[in-house]
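The structure appears right after this line, and notes come after that.
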Amino acid sequence: MKRKTKLIHGGIAEDPQTGAVSVPIYQVSTYKQDGIGGHKGYEYSRTGNPTRHGVEELIKDLEGGTAGFAFGSGMAAITAVVMLLNSGDHIILTDDVYGGTFRVITKVLNRFGIEYSFVDSSAMEKVEKGIRKNTKAIFIETPTNPLLKITDIAAAARLAKKHQLLTIVDNTFATPYWQNPLELGADIVLHSATKYLGGHSDVVAGLAVVNSQELAKELHFIQNSTGAVLGPQDSWLLMRGIKTLAVRMEEHEKNTKVITDFLLQHPAVAQVYYPGLESHPDHRTAKQQSRGFGGMVSFDTGSGEKAERLLKKVKLFTLAESLGAVESLISLPAKMTHASIPAERRAELGITDGLVRISVGLEDVEDLIEDLTHALED
Ligand SMILES: *Cc1c(COP(=O)(O)O)cnc(C)c1O
């Protein structure tokens with residue numbers, strides 16, 4: 001099955017009971033047993049629910065893994081996966097991971113003895129240097145936020161295998177439509193399905209897919225034990241969103257190309273960050289491991305003042321955190337998503353006060369260009 005077909009026919013294509021062409025919402029917590037232990041595959045909805053199972057089967061098929069798991073948020077999925085480690089284990093993470101990942105690693109999971117270090121994973125020799133005796137996993141996010149830095153997934157997986165470590169990839173920005181980390185050798189792939197997979201700014205959800213029965217058993221044990229499962233209504237919404245992922249991703253990218261071209265030639269824009277540009281330092285790696293470059297662009301307006309003025313003047317771009325939805329969103333990382341990072345650290349990462357991030361939506365691109373043109377005027 002080709003990718004576009006899989007989005008429609010992957011997972012559970014129809015309800016076996018009724019033939020309904022969308023998996024029904026099984027709004028239920030428990031299931032009748034015909035005698036003790038005599039159930040039809042479902043006992044209690046934390047352990048398993050048919051609607052959640054629908055989206056878990058779908059993401060498993062889309063990422064080409066052994067089993068999929070749906071959680072109440074991207075953070076719940078990430079936390080459950082890091083819980084595969086034990087107290088005293090060490091994990092290496094991409095230095096500019098999503099802020100929530102940084103927070104849960106440094107402020108919550110550290111309390112349970114999980115050691116961590118953050119390295120620039122776009123340079124694999126730095127990752128190798130960071131490996132310790134107790135290192136158990138490499139956690140990469142690619143592309144990253146907001147500078148769209150790329151890590152070579154296959155190289156990370158090779159390094160991890162050499163040292164018997166797990167390779168975990170946060171694939172939120174690329175989605176399985178553009179990039180499949182398991183096929184490149186990773187062991188676990190994660191998604192904040194709140195973003196492109198849901199795609200309509202109406203659901204918070206997280207997904208994980210593993211590449212072995214052993215990991216599937218362990219992760220199911222953690223999911224069932226800790227209980228941060230996705231509810232049936234949200235599971236259904238997520239499946240509904242995923243059906244149109246191909247057309248949305250193609251269109252996001254088409255609009256983004258027009259917008260990056262516009263930004264590149266604009267005198268008020270100092271720098272444009274987009275992995276699809278040949279000038280992007282990781283363009284070759286991005287091209288090698290992904291089929292597309294996505295709909296996220298960042299650009300430097302030169303100062304915090306100019307950036308804030310732009311944000312005030314735009315009409316179609318909604319000032320908001322999050323990304324990957326049908327509507328275009330705009331944000332100022334230094335004051336919003338990355339405000340909790342100390343100013344010196346932000347400067348090291350290249351997140352200047354004038355850096356603006358946009359998530360290009362599905363509006364007519366001519367309207368988006370007109371909006372930006374007006375907002376960038378003096
Ligand atoms: C949003 C996001 C998360 C967290 O997901 P939630 O659904 O908000 O919990 C994790 N990783 C990346 C890359 C994200 O963009």
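Just follow the structure's listing: the first ligand is 1, and inside any ligand the first atom is 1.
The distance criterion of under 3.5 Å between nitrogen or oxygen atoms is met by Met75 with respect to ligand 1. Ligand 1 has an N or O atom lying under 3.5 Å from an N or O atom of Ser192, backbone or side chain. The shortest N/O to N/O separation between Gly74 and ligand 1 falls below 3.5 Å.
Classification of Arg345 and Glu348 as a salt-bridged pair holds, one side-chain N sitting under 4.0 Å from a carboxylate O. Comment: Lys257 engages Glu253 in a salt bridge, judged by a side-chain N to carboxylate O separation of less than 4.0 angstrom.
Interface atoms of ligand 1 facing Ile78, defined by a heavy-atom separation under 4.0 Å, are 10 (C). Interface of Asp170 with ligand 1, defined as ligand atoms under 4.0 Å from a residue heavy atom, comprises 10 (C), 11 (N), 12 (C), 13 (C). Listed by atom number, the atoms of ligand 1 under 4.0 Å from Thr194 heavy atoms are 6 (P), 7 (O). Close approach of ligand 1 to Ser73 is summarised as follows: ligand atoms under 4.0 Å from at least one heavy atom of the residue are 7 (O), 9 (O). Close contacts between ligand 1 and Ala205 involve ligand atoms 7 (O) [criterion: under 4.0 Å to a heavy atom].
In this pair, Phe118 and Phe102 present their aromatic rings tilted. The plane angle is within the 30 to 60° band. Using bins of under 30°, 30° to 60° and over 60° for the plane-to-plane angle, the ring pair His220/Phe69 lands in the tilted bin.
In terms of protein heavy-atom proximity, atom 4 (C) of ligand 1 is nearest to Tyr98 CE2, 3.4 Å. The shortest contact between atom 1 (C) of ligand 1 and any protein heavy atom is with Lys195 NZ, 1.4 Å.
Judged by distance alone, the side chain of Asp15 and the main-chain N or O of Thr18 form a donor-acceptor pair under 3.5 Å.
Between the side chains of Gln27 and Gln233, at least one donor-acceptor pair of N or O atoms lies under 3.5 Å. For Ser45 and Tyr31, the side-chain atoms include at least one donor-acceptor pair closer than 3.5 Å.
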